[in-house]
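All figures in this text were calculated on a predicted structure; none of them were measured in a lab. Hydrogens, waters and symmetry mates play no part in the numbers below; they use all other heavy atoms, side chains included. Chain letters run A, B, ... following the sequence lines, proteins first, then strands; residues in each count from 1.
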Amino acid sequence: MTTPEESLEARLCALLTTAVQKISPSPMLHPALERPRQSAHGDFASPIALQLAKGLRRPPREVATQLIAALPSSTLIERVELAGPGFINIFLTAQARQEVVHEILRRGSLFGSSQKGAGQRVQVEFVSSNPTGPLHVGHGRGAAYGASVANLLGKAGYQVHREYYVNDAGRQMDILTVSTWLRALQQSGKLKSLPFPGNGYQGDYVETMAREAAQRFSDLVIHEEPLLSALGLPQTNDLIAFPTEQEELHMDALIAAAKELLGPTYRALHHFVLTEQLADCRQDLEEFGVVFDEWFSEQSLFDSGAVALVVSRLEEAGYLYTEKGARWFRSSAFGDEKDRVVQRENGLYTYFASDIAYHVDKFERGYDLIVDIWGADHHGYIPRVRAALKALGYDDSRLSVPLVQFVSLFRQGEKAQMSTRKGQFITLRELRTEVGRDAARLFYILRKSDQHLDFDLDLATSQSQDNPVYYIQYAHARIQRVLERWGGDPAQLENSALHPLIHEEETRILQILYAYPALLEQAAGDFAPHLVAFYLRDLSAEFHAYYNRVPFLEGESVQVQARMALLGAIGTVLRDGLSLLGVSAPDRM
RNA sequence: GUGCCCGUAGCUCAAUCGGAUAGAGCACCAGCCUUCUAAGCUGGGGGUUACAGGUUCGAUCCCUGUCGGGCACGCCA
């Protein structure tokens with residue numbers, strides 16, 4: 001620990017440990033300390049006696065009595081009570097509780113940061129959506145969650161690398177390229193009998209890219225005849241209908257025809273649509289307050305030979321075999337349900353193969369902790385990635401894969417269906433425009449990531465006060481206004497006497513404030529930013545109650561100064577917590 | 001059918017890694033602005049934690065089963 005003072009918990013823990021050592025031959029290293037729900041149970045409580053009782057073969061209450069007797073005296077503790085089945089309830093002195101205010105004012109936004117991850121590098125990969133269209137509200141949840149998790153890990157002392165995996169190598173990119181091409185042909189009036197494929201990308205953004213592409217590439221627009229001929233279709237003036245069962249085959253034929261007819265222009269168009277979509281995605285995310293250190297290209301893994309290399313490594317290790325012409329990885333030997341194909345009968349590598357290469361790359365970069373944030377629909381994929389890592393000799397316990405559940409949109413009580421392909425979706429950009437960045441960021445992380453999120457658009461777009469973001473921001477704005485009205489020098493507050501802070505509301509607020517570092521540690525460790533949101537709401541609630549109860553600026557100077565110091569500390573914590581969640585803290589509203 | 005996740009107040013969700021009397025918001029009812037911002041506060045009713053067993057000092061949490069919901073089960077990505 002490099003903090004100037006050890007935390008309250010650490011100091012209390014040390015006292016308890018001393019007591020445990022006196023009465024027990026095999027002491028626990030870290031006696032548990034809890035924050036009781038009820039104030040009658042003290043500022044802290046420890047169930048240590050209950051846990052020790054079995055080993056000592058004594059009744060828990062007797063063990064607790066001995067522990068209390070063995071507890072060294074301390075200026076922190078006012079009194080200690082034995083309660084219930086054997087809890088040790090600790091009541092702090094007012095002075096011990098008040099100290100946190102000075103600590104917060106002194107350390108500012110460093111308060112709550114820890115050294116837990118010091119010297120360790122962590123990679124957080126998130127969003128990683130196919131660059132085939134605008135981000136929708138589902139991606140928004142991954143973005144908000146991942147960004148907050150990354151911030152929390154940074155606060156915990158880790159050196160954080162934020163990364164977006166760009167799936168630029170697959171068939172979906174070809175489909176987008178063909179979709180853009182076909183739209184350009186339609187716009188030029190050249191396409192008459194060939195309908196736009198039902199499994200093509202149909203959004204307006206494809207039309208926009210098509211217009212731009214037609215300007216940029218002079219040989220993009222061709223007549224319909226060679227296309228029909230390349231597809232093996234008869235020349236006709238009627239609209240050709242394709243049965244939906246054959247959509248995928250038709251799309252493959254379209255891709256092949258496009259490559260053949262466009263030649264080098266196909267690659268140029270492919271590059272163009274990819275660049276357009278990535279730029280759009282990057283800007284969208286930036287406006288959402290989500291910034292990446294690296295955009296990692298899947299294609300680069302093929303170009304560098306990394307995919308071929310990991311497959312040959314698996315080969316050499318003896319974990320590959322051939323069946324029905326394909327190369328299979330024996331993942332079932334490493335905990336997966338069944339074996340998986342890494343190289344298809346046609347010689348092409350599967351997505352799984354490039355994903356192994358990507359994860360090997362992550363491990364080779366030497367991160368101490370690797371966090372993949374995936375959509376919950378990919379959960380079945382985790383065992384095979386772990387299997388590959390284990391087979392190649394990596395310690396897969398360094399990999400964590402928190403899952404983000406789907407977002408369901410509700411409009412006027414009805415669930416809105418989403419399909420990227422059909423273009424019927426609500427984009428992240430639309431959502432931000434409607435509800436604002438702050439509300440969207442907070443809404444997204446307000447529930448546990450692995451829980452389904454029902455996003456009520458009417459509620460979120462109504463600017464109603466139901467939206468919790470206002471509640472927290474309002475607390476911050478109120479504090480700034482009071483400090484402004486007070487007119488003193490905030491920098492002097494860290495020297496204020498704090499002994500007047502003994503009222504009920506003040507005590508509760510102090511208890512919440514000194515819980516902040518432990519809260520952040522848990523939120524970071526569990527990848528659980530929702531805990532921060534709930535914490536901020538609780539702190540805001542206590543503040544609003546305090547505000548309504550006490551006229552801060554009335555009374556003696558010492559008392560006013562102490563209250564201003566407390567307000568300054570609350571404001572600092574609110575600001576810090578909000579910034580971890582990517583939400584602004586306005587000074588006035 | 002198999003695997004994973006989930007089931008908590010009328011609704012949307014928490015619950016300090018097994019702790020004491022399960023908590024918030026919304027909605028509903030009754031109050032509070034000549035005083036630092038009423039985007040606020042105070043009080044009230046609301047629960048067999050889906051169900052049935054088990055483990056122990058103690059279970060919303062761990063185990064088994066049942067019911068109900070979601071997702072995944074490709075040589076797609």
So what does [X] hit on the nucleic acid, given a heavy-atom distance under 4.0 Å: a base, only sugar-phosphate, or nothing?
| X | result |
| --- | --- |
| A:L348 | nothing |
| A:V550 | base |
| A:D526 | base |
| A:H378 | base |

Residues in salt bridge (charged side-chain N to carboxylate O under 4.0 Å, His left out) contact with A:D168, at least two apart in sequence or another chain
none
Go through the structure and list residues passing side-chain hydrogen bond (donor to acceptor under 3.5 Å, both in side chains) with [X], not counting sequence neighbours.
| X | result |
| --- | --- |
| A:Y358 | A:E163 |
| A:Y546 | A:E506 |
| A:R344 | none |
| A:S128 | A:E125 |

Dot-bracket, 5' to 3', for RNA chain B please: Watson-Crick or G-U pairs under 3.5 Å, [ ] where pairs cross earlier ones, | where the partner sits on another strand, dots elsewhere.
(((((((..((((.....[...)))).(((((.......))))).....(((((..]....))))))))))))....
A correct 5'-to-3' footprint of nucleotides 18-25 of chain B, with B, S and - meaning base, sugar-phosphate only and no protein heavy atom under 4.0 Å, is -BBB--S-
For nucleotides 3-9 of chain B, 5' to 3', base contacts (B), sugar-phosphate-only contacts (S) and non-contacts (-) with protein non-hydrogen atoms under 4.0 Å give BB-S---
Residues in side-chain contact (heavy atoms from CB on, under 4.5 Å) with A:E337, at least two apart?
A:R340
Enumerate donor-acceptor pairs with a distance under 3.5 Å from any side-chain N or O in residues 553-574 of chain A to protein atoms, sequence neighbours excluded.
from, atom 1, to, atom 2, distance (Å)
A:Q561, OE1, A:S496, OG, 3.4
A:R563, NH1, A:E554, O, 3.2
A:T572, OG1, A:G568, O, 2.9

Please determine whether a side-chain nitrogen of the Lys or Arg among [X] and [Y] lies less than 4.0 Å from a carboxylate oxygen of the Asp or Glu.
| X | Y | result |
| --- | --- | --- |
| A:E504 | A:R549 | no |
| A:D336 | A:R330 | no |
| A:D587 | A:R481 | no |

Under a 4.0 Å heavy-atom cut-off, which of residues 477-485 of chain A touch RNA chain B?
A:A477, A:R478, A:R481, A:V482, A:R485
Tell me, please, which residues at least two apart from A:H544 pass ring-ring contact (aromatic ring centres under 6.0 Å, His included).
A:Y471, A:Y474
